Peer 1: 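I have a structure I would like to understand better, so I am pasting it below and will then ask my questions one at a time.
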Amino acid sequence: MTRTAVITGSTSGIGLAIARALAKTGANIVLNGFGAADEIRTVSDEVAGLTSGTVLHHAADMTKPSEIADMMAMVVDRFGGADILVNNAGVQFVEKIEDFPVDQWDRIIAVNLSSSFHTIRAAIPPMKKKGWGRIINIASAHGLVASPFKSAYVAAKHGIMGLTKTVALEVAESGITANSICPGYVLTPLVEKQIPDQARTRGITEEQVINEVMLKGQPTKKFITVEQVASLALYLASDDAAQITGTHVSMDGGWTAQ
Ligand code: NAD
C-alpha cells in the first residue's frame with residue numbers, strides 16, 4: 001500500500017529533508033512552500049527521483065485558511081487523503097515585545113500555529129476512515145522554554161505542543177498518533193547564511209558566531225542536521241511508533257536539560 005505524506009514548508013530545510021526521507025519509503029509526497037518556479041521544479045524532480053510514488057507541489061500560503069483547505073481537498077481528490085501529515089512550515093521574527101510589529105505577530109501565529117489547526121482538521125476524517133494516521137508537528141526547543149525577543153515564535157511553539165496533545169487524545173482509539181518534534185539549533189540554509197552576516201555585524205569570527213552566539217545554549221556545541229530530524233520523523237511515522245502519541249521528542253543537544 002502506497003502511503004501519502006503531506007509536508008508543509010518542504011521546499012527547503014527540515015521540511016525538504018523529511019520529504020526526501022519519506023520519499024525513500026516509496027510514499028506519494030505532497031510538497032508545499034515558497035520558492036521560484038524553477039527552484040520548486042528542481043526540488044520536486046529531485047524528490048520524485050527518490051520514490052516510486054507521485055510527487056506534487058501545492059503552493060498554499062499557510063497564512064490563508066482557504067488555500068490550506070484547497071491543498072487538503074486536492075490531497076483527498078488525488079490520494080484519498082494524507083496518511084502522514086507533517087506540519088513543518090515556520091517563520092521567525094525577533095524584536096522586544098513592546099516594539100514587536102502586530103503584523104509579524106499575526107503572521108507567526110498563523111504559519112507556526114493556526115495552519116496546523118487547518119491541516120489537521122482536514123486530515124483527520126480520511127485518516128479515521130482508514131484507521132491509520134500520523135501527525136507530526138515540528139515544534140522547537142522553544143515549545144518548551146523561552147528566549148527573549150521571540151514572543152510570537154515561543155507562544156506559537158508552546159501552542160503547537162498543546163494542540164498536539166489535544167488532537168492525540170481525541171484520535172487515540174482511531175489508529176492515529178500526534179506528536180511534536182522539538183529541535184534545537186538545526187543547520188539549515190537559512191541558519192548557514194546568517195553566520196557570515198552575524199560575524200560581520202558583530203565584528204567576531206564565524207567560529208565565535210557558531211560557538212558563542214548560536215550554540216551558546218546547546219551543550220553539545222554542535223548543530224543538529226536536517227537528516228537527523230528527518231530520521232526521527234520517519235520513525236514517528238512508522239508502525240513501530242504506534243504507541244508514541246500526545247508527546248514530544250526533543251532533539252536539542254541537551255538545551256532543555258539545563
Ligand atoms: P526554512 O526557512 O529552511 O523552511 C521553511 C519552509 O516553510 C520553506 O519551505 C518556506 O517556503 C515555508 N514557508 C514559510 N512561510 C510559509 C507560508 N506562509 N506558507 C507556506 N510555506 C511557508 O526553515 P527550517 O529551519 O527548515 O524550519 C522548519 C521548521 O522547523 C519551522 O517550523 C521552524 O520553526 C522549525 N525549527 C527550526 C529550527 C532551526 O534551527 N532551523 C529549530 C527548531 C525548529
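Since the model is a prediction, treat every value here as computed from it, not as a measurement. Counting starts at 1 for both ligands and their atoms, following the listed order.
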Peer 1: What atoms of ligand 1 come within less than 4.0 Å of a heavy atom belonging to Ser10?
Peer 2: 9 (O)

Peer 1: Just to be sure I read this right, does ligand 1 sit under 4.0 Å from the backbone of Ile14, its side chain, both, or neither, counting only heavy atoms?
Peer 2: both

Peer 1: What about Ala141: any of its N or O atoms under 3.5 Å from an N or O on ligand 1?
Peer 2: no

Peer 1: Quick check on side chain to side chain donor-acceptor pair (under 3.5 Å): which of Thr8, Asp70, Asn32 does His58 satisfy it with?
Peer 2: Asp70

Peer 1: Could you list which atoms of ligand 1 come closer than 4.0 Å to a heavy atom of Asn32?
Peer 2: 20 (C), 21 (N)

Peer 1: Which part of Thr188 is near ligand 1, with near meaning a heavy atom under 4.0 Å away: side chain, backbone, both or neither?
Peer 2: side chain

Peer 1: With a 4.0 Å cut-off on heavy atoms, does Ala139 reach ligand 1?
Peer 2: yes

Peer 1: Hey, any chance Val111 and Trp105 share a hydrophobic cluster, counting ILVMFWY side chains that come within less than 4.5 Å of each other, even indirectly?
Peer 2: yes

Peer 1: Does ligand 1 have any atom sitting under 4.0 Å from a heavy atom of Arg107?
Peer 2: no

Peer 1: Would one find an N or O of Asn112, backbone or side chain, under 3.5 Å from an N or O of ligand 1?
Peer 2: no

Peer 1: Check each of Ser115, Ala59, Ala17, Ala89 against atom 13 (N) of ligand 1 and report the one with the nearest heavy atom.
Peer 2: Ala89

Peer 1: Is it true that Asp197 and Arg200 make a salt bridge, defined as a side-chain N closer than 4.0 Å to a carboxylate O?
Peer 2: yes

Peer 1: Quick one: which ligand 1 atoms are inside 4.0 Å of a heavy atom on Asn88?
Peer 2: 28 (C), 29 (C), 30 (O), 31 (C), 32 (O)

Peer 1: For Tyr153, is the nearest heavy atom under 4.0 Å from an atom of ligand 1?
Peer 2: yes

Peer 1: What part of Val91, side chain from CB on, backbone N/CA/C/O, both or neither, has a heavy atom under 4.0 Å from ligand 1?
Peer 2: side chain

Peer 1: What closest approach, in Å, do Ile68 and Asp61 show between heavy atoms, and which atom pair accounts for it?
Peer 2: CG1-O, 4.1 Å

Peer 1: Are Thr25 and Arg3 close enough that some pair of their side-chain heavy atoms sits under 4.5 Å apart?
Peer 2: no

Peer 1: For the pair Arg20 and Glu227, find out whether any cationic side-chain nitrogen is under 4.0 Å from an anionic carboxylate oxygen.
Peer 2: no

Peer 1: Find all atoms of ligand 1 within a distance of less than 4.0 Å from any non-hydrogen atom belonging to Ser140, and give their numbers and elements.
Peer 2: 43 (C), 44 (C)

Peer 1: Can you name the atoms of ligand 1, numbered from 1 with element, that are less than 4.0 Å from a heavy atom of Gly13?
Peer 2: 3 (O), 26 (O)

Peer 1: To the nearest 0.1 Å, how far is atom 42 (C) of ligand 1 from its closest protein heavy atom, and which atom is that?
Peer 2: Gly184 O, 2.9 Å

Peer 1: Provide, to 0.1 Å, the distance between atom 18 (N) of ligand 1 and the closest protein heavy atom, together with that atom's residue and name.
Peer 2: Asp61 OD1, 3.0 Å

Peer 1: Considering only heavy atoms of Met62, which atoms of ligand 1 have at least one such atom less than 4.0 Å away?
Peer 2: 17 (C), 18 (N), 19 (N), 20 (C)

Peer 1: Distance under 4.0 Å to a non-hydrogen atom of Val111: what atoms of ligand 1 satisfy this?
Peer 2: 18 (N)

Peer 1: Might you check, step by step, whether the distance between atom 23 (O) of ligand 1 and some protein heavy atom is under 4.0 Å?
Peer 2: no

Peer 1: For Ser147 and His142: C-alpha separation, side-chain torsions, deciding distance, then whether side chain to side chain donor-acceptor pair (under 3.5 Å) applies.
Peer 2: CA-CA 7 Å; Ser147 296; His142 282 124; 2.6 Å; yes

Peer 1: Give the residue and atom name of whichever protein heavy atom lies nearest to atom 2 (O) of ligand 1, and the separation in Å to one decimal.
Peer 2: Leu190 CD2, 3.8 Å

Peer 1: Residue-level breakdown please: for Ala60 versus ligand 1, do any non-hydrogen atoms fall below 4.0 Å on the side chain, on the backbone, on both, or on neither?
Peer 2: backbone

Peer 1: Which residue owns the protein heavy atom closest to atom 9 (O) of ligand 1, what's the atom, and how far is it?
Peer 2: Thr11 OG1, 2.7 Å

Peer 1: Which heavy atom of the protein is the closest neighbour of atom 11 (O) of ligand 1, given with residue, atom name and distance?
Peer 2: Phe34 N, 2.8 Å

Peer 1: Give the residue and atom name of whichever protein heavy atom lies nearest to atom 43 (C) of ligand 1, and the separation in Å to one decimal.
Peer 2: Pro183 O, 3.4 Å

Peer 1: For ligand 1, find out whether one of its N or O atoms is nearer than 3.5 Å to an N or O atom of Val186.
Peer 2: yes

Peer 1: In terms of residue, atom name and distance, what is the protein heavy atom nearest to atom 4 (O) of ligand 1?
Peer 2: Ser12 OG, 3.5 Å

Peer 1: Suppose I only count heavy atoms of Gly33 and a 4.0 Å limit; which atoms of ligand 1 are within that range?
Peer 2: 11 (O), 21 (N)

Peer 1: Which residue and non-hydrogen atom of the protein lie closest to atom 5 (C) of ligand 1, and at what distance in Å?
Peer 2: Gly90 O, 4.0 Å

Peer 1: Which one holds for Gln92 and ligand 1: side chain close, backbone close, both close, or neither close, with close meaning a heavy atom under 4.0 Å?
Peer 2: neither

Peer 1: Let me know which of Leu22, Ile18, Ile136 forms a side-chain contact (heavy atoms from CB on, under 4.5 Å) with Leu234.
Peer 2: Leu22

